[in-house]
Amino acid sequence: SGRFVIAGGPEKATAAKVDSVPDVILSAESIGSAYLGAPRIEELAWAGRIDGDPSAVGLLDAMMRWPVEPYCTVHF
């Protein structure tokens, strides 16, 4: 829990704890889902699981997006 600033680029990303007002508010569950690939940040925002400025939500969605859709190869 806390407030973090995320900076990233093609080579690496960093996160640092801050006290400033957040641009995007989301739970650990929501960022965990997005990190694993589905649903995307913008889909979670549409569902009301993420709050924030639409441009900041869009930027976070772009930062978290991966070109390969998640796929489970194990069926049980």
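Worth knowing before you read on, the calculation uses all heavy atoms, side chains too, and leaves out hydrogens, waters and symmetry mates.
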When rounded to the nearest 0.5 angstrom, what distance separates [atom1] in [X] from [atom2] in [Y]?
X	Y	atom1	atom2	answer
D23	D53	CG	CG	7.0 Å
I31	F4	CD1	CZ	9.5 Å
L36	M64	CG	CE	8.5 Å
E42	L44	CD	CG	10.5 Å

Requested in this report: Dump the intermediate steps for side chain to side chain contact (heavy atoms under 4.5 Å, CB included) on E29 and R49, then the final yes or no.
Outcome: CA-CA 9 Å; E29 292 86 2; R49 303 280 314 262; 4.0 Å; yes
Query raised in the report: Should we say atom CZ of R40 is surrounded by more than 12 heavy atoms from elsewhere, each under 6.0 Å from it?
Result: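 More than 12 within 6.0 Å, yes.
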Requested in this report: Verify whether one side chain among S33 and S30 offers a donor that lies under 3.5 Å from an acceptor in the other.
Outcome: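 There is no such pair between these side chains.
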Quick one: closest heavy-atom pair of [X] and [Y], and the distance?
X	Y	result
I50	V57	CG2-CG2, 4.3 Å
I6	M63	CG2-CE, 3.5 Å
S20	R3	O-CD, 3.1 Å

Requested in this report: State yes or no: do Y35 and L60 share one hydrophobic cluster built from I, L, V, M, F, W and Y residues joined by side-chain heavy-atom distances below 4.5 Å, directly or via other members?
Outcome: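 They do share one cluster, since a chain of ILVMFWY contacts under 4.5 Å joins Y35 to L60.
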